[in-house]
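Heads up: the structure comes next, in structure tokens.
Predicted, not measured: the structure shown is a model, and the values here were computed from it.
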Amino acid sequence: MSKIPAPENPVPHADLADVDYVDDKLGSDASQADVALPQGRKKHVFISSINKDEPIVTRRELWSYYLYYNGDNGVGPLNYLMTLFQSLATSAGYDPIAGPGSSCTAATSSGQCVLPWGSGTKAVSSVVLVANGVSFAAMTAIFTTIGSAADYGTFGRWLLFVVTVICWASQFASMSLTTPERWPAAMALFMIGFITYGATLVFYAALFPRLARNTPHARKLRDEYENGEISPEVYEVEESLEKNRISNISTMHSNIGYIFTLALNLSLLLPLANNPLVDNYTLVLTNAYWVVLGIWWFIFQQPRPGPPLPKGEHYITIGWKQIWAALKTYKQLPYTFIYLFSFFLLADGLNTTGTLISICQNDKFQFSFLQNTYLGLAQAVTSTMSTLGFWYIQKWWKISTKKMFVVTNVVTILIPLWGMIGIWTTKFGFHNVWEFWAYNVVFGIFQAPYYAFSQTMMAELSPPGFDNMFFGLFGLSNRASSMVGPNVIQAIINNTGDNWKGFPFLFALCTAASIVIWFGVDVTKGRRDAVRWAAGVRSEAEAQENKGASGKSTGVSELVSSG
């Protein structure tokens, strides 16, 4: 199942009527001042438009956006490639109790399995976690180096295309993984596929705010607001619901794709159950499904380029400058950065928990693609139903995104807590077949909406027009954060030989992060801070451009840095 988020439905403050609203009707090229107001006057709340000349989202374009995510559902790079890698590594390893030459899969095996690693050995579970940790570190480098550059020109459009093609190529290359001694190649292909898959999610998500701003309904709301037909409070709530609609529908499509892909794979897994290459064939079929559905986005996506790259800057270096500039805005955007920090910890805990449970699940079901497909179907069906269900509940009662997100956070905490029980007993705590079925159902019900609502909160807290800049930081929190958890857990497992000893650390991590989000993030205030900040930067940019600024080209990164 794939991952994404949407915006918050703000509940107006009781004193909202006392706040002055400035009608920002002139678009991104007009002066939108967030200058200091005379003493005694309250700051204005801005509802900013970015560029009124951006094309309106067509039905064909929106459907191609949904279909891309339908294909990019994670079954191949996230599930099957990891299972194939772990399976080959286990077949190539030996039981440390019985010594070199023994088999990890023998009936008399101790349950431990190690591989030659450097001058010694390392547990297979630790090797898998090392691969995850290094992959997340690589994602960090990608998001920090070129993530923010996607805000300029058409770079973001081509960036998503390149990482998508690389991800496709890594999965087609899995046909070469046929014998245990090729486990290092399996590890490399898993890492390439995992890294590029994570990148597709982040750069795909970064497209979402701009797309949501330009749907016919969103543009109609904007016109009604500018014409004075609806109040600012109504505009905020309705625009937020429109963002939630697109985010939840795209997440639902990811889950539908998850179901279709897994069901399609049964057409190979059942009749070719005894074929030694059936897993490889299944991976190729899974990837082909994504190619057929994903290619349309690159054909029907309409151009919505960002501003030109500032003079003297480069796409490779601008990202670091943008991140440094963004980090320096923490005083103006406190809730945005509290959320980013806490989500860093929460994503680390959740992603690593999922990896650890997958390792336990693969061991329990002996790396069976067929069993993992059945379990995946249970998760996919419940994910699709829950995404729709959570959306209709939110829409009907107009519940804020944060409140919906809090509900999913509770389950995020309970999953590693359940795993902790497995340290002291084998009756519970991911030791039994029924628990993995229950886990996949519970994960589907609560964690699919988790991804939708977490993205929506980020969209709410991101300054308009700086989507890739802040979604790059969000991607750093969501994906690249998990270079910490896997490395800590692999060290624990390698020292203890017990997979379950990693769950207490993950429980503490998820709990601490959830508490910060629950009590430390005010989405309504954070959204208004973000809009105010973006308007101020654009106003200053125009002012400096008009003055000539000593003949120097004015770039957003320069302005933010100086601010």
Exercise. What residue among K395, K398, R245 forms salt bridge (charged side-chain N to carboxylate O under 4.0 Å, His left out) with E238?
Worked result: K398
For this session: Take the angle between the ring planes of W63 and Y66 and call it parallel below 30°, perpendicular above 60°, tilted in between.
Result: perpendicular
For this session: Taking the side chain as every heavy atom from C-beta outward, state whether V410 and W518 have any pair of such atoms under 4.5 Å apart.
Result: yes
For this session: Hey, can you tell me if F405 and F343 have their rings parallel, tilted or perpendicular (30° and 60° cut-offs)?
Result: tilted
For this session: With sequence neighbours left out, write down each residue that passes side-chain hydrogen bond (donor to acceptor under 3.5 Å, both in side chains) with T317, or none if nothing qualifies.
Result: none
Problem set entry | Spacing of I256 atom CD1 and T261 atom OG1 [to the nearest 0.5 Å] | 11.5 Å
Problem set entry | Min side-chain heavy-atom separation P55-N214 under 4.5 Å | no
Exercise. Does the side chain to side chain contact (heavy atoms under 4.5 Å, CB included) test come out yes or no for D529 and R532, once each step is laid out?
Worked result: CA-CA 5 Å; D529 289 342; R532 182 180 297 115; 3.2 Å; yes
Seminar exercise, completed: Tested for side-chain hydrogen bond (donor to acceptor under 3.5 Å, both in side chains) against N70, the lone hit among W290, Y289, Y258 is Y289
Seminar exercise, completed: Of all heavy-atom pairs linking A513 and S342, the shortest is CB-O, 3.2 Å
Exercise. Are V523 and T401 close enough, and set up right, to give a side chain to side chain contact (heavy atoms under 4.5 Å, CB included), and what steps lead you there?
Worked result: CA-CA 9 Å; V523 179; T401 302; over 6 Å; no
Exercise. So do the side chains of K525 and P334 get within less than 4.5 Å of each other, counting heavy atoms only?
Worked result: no
Exercise. Would you find a donor on one side and an acceptor on the other, under 3.5 Å apart, between the side chain of W296 and the backbone of V292?
Worked result: yes
Problem set entry | Within-4.5 Å side-chain heavy-atom neighbours: I415 and F446 | no
Problem set entry | Side-chain donor/acceptor of N487 to backbone N/O of G133, under 3.5 Å | no
Exercise. Taking the side chain from R210 and the backbone from E54, do they hold a donor-acceptor pair closer than 3.5 Å?
Worked result: no
Problem set entry | Expected output: side-chain N73 to main-chain V75 donor-acceptor under 3.5 Å | yes
Exercise. So, T329 side chain and Q332 main chain: donor-acceptor pair closer than 3.5 Å or not?
Worked result: no
Exercise. Counting distance only, does the side-chain N/O of S386 pair as donor-acceptor with the main-chain N or O of G444 below 3.5 Å?
Worked result: yes
Exercise. Does N287 reach the main-chain N or O of W168 with its side chain, forming a donor-acceptor pair under 3.5 Å?
Worked result: yes
Exercise. Atom CG in L67, atom CD1 in I295: separation rounded to 0.5 Å?
Worked result: 12.5 Å
Exercise. Is it true that a side-chain atom of T352 and a backbone atom of G349 form a donor plus acceptor pair closer than 3.5 Å?
Worked result: no
Exercise. Taking the six-membered ring for Trp, are W533 and F470 parallel (under 30°), tilted (30 to 60°) or perpendicular (over 60°)?
Worked result: perpendicular
For this session: Give a yes-or-no answer on whether the side chains of T215 and E242 include a donor-acceptor pair shorter than 3.5 Å.
Result: yes
For this session: Under the salt bridge (charged side-chain N to carboxylate O under 4.0 Å, His left out) rule, collect the residues that match up with R304, sequence neighbours excluded.
Result: E61
Problem set entry | Counterpart residues, salt bridge (charged side-chain N to carboxylate O under 4.0 Å, His left out), relative to E224 (two or more places apart) | K220
Seminar exercise, completed: Those residues at least two apart in sequence (or on a different chain) that pass ring pair (Phe, Tyr, Trp, His ring centres under 6.0 Å) with F390 are none
For this session: Indicate yes or no for a side-chain donor-acceptor contact from Q394 to the backbone of I399 under 3.5 Å, with no hydrogens or angles considered.
Result: yes
Exercise. What is the distance from atom CD1 of I393 to atom CG of L388, rounded to the nearest 0.5 Å?
Worked result: 11.0 Å
For this session: Give the C-alpha distance, both sets of side-chain angles, the deciding distance and a yes or no for side chain to side chain contact (heavy atoms under 4.5 Å, CB included) between L333 and L461.
Result: CA-CA 8 Å; L333 306 170; L461 296 169; over 6 Å; no
Exercise. Can you tell if the side chain of F453 reaches within under 4.5 Å of the side chain of N409, non-hydrogen atoms only?
Worked result: no
Exercise. Quick one: does S539's side chain have a donor or acceptor within less than 3.5 Å of a partner on A535's backbone?
Worked result: no
Exercise. What is the minimum heavy-atom distance between I192 and S170, and which atoms define it?
Worked result: CG2-CB, 3.9 Å
For this session: Can you see which heavy atom on M139 is nearest to which on I195, and at what distance?
Result: CE-CA, 3.8 Å
Problem set entry | Minimum side-chain heavy-atom gap L340-M458 below 4.5 Å | yes
Exercise. Once you round to the nearest 0.5 Å, how far does CG of L350 lie from CZ of F443?
Worked result: 5.5 Å
Problem set entry | For F298, all residues meeting ring pair (Phe, Tyr, Trp, His ring centres under 6.0 Å), sequence neighbours excluded | Y68, F161
For this session: List the atom of P305, the atom of T154, and the distance in Å for their closest heavy-atom pair.
Result: CB-CG2, 4.1 Å
Seminar exercise, completed: Output for pair (K403 NZ, T408 OG1), nearest 0.5 Å, gives 15.0 Å
Exercise. How many angstroms lie between atom NE2 of H217 and atom CD1 of I56, to the nearest 0.5 angstrom?
Worked result: 13.0 Å
Exercise. What heavy-atom pair brings G76 and Q171 nearest, and what distance separates the two atoms?
Worked result: CA-OE1, 3.3 Å
Problem set entry | Residue among W297, Y197, Y65 satisfying ring pair (Phe, Tyr, Trp, His ring centres under 6.0 Å) with Y204 | Y65
For this session: Please step through side chain to side chain contact (heavy atoms under 4.5 Å, CB included) for the pair Y69 and L201, ending with a clear verdict.
Result: CA-CA 9 Å; Y69 205 30; L201 294 183; 3.6 Å; yes
Exercise. Closest heavy-atom contact between V57 and Q302?
Worked result: CA-NE2, 4.0 Å
For this session: Would you check if L207 and L160 make a side-chain contact, meaning some heavy-atom pair closer than 4.5 Å?
Result: yes
Problem set entry | Partners passing side-chain hydrogen bond (donor to acceptor under 3.5 Å, both in side chains) against T412 (at least two apart in sequence or in another chain) | Q447
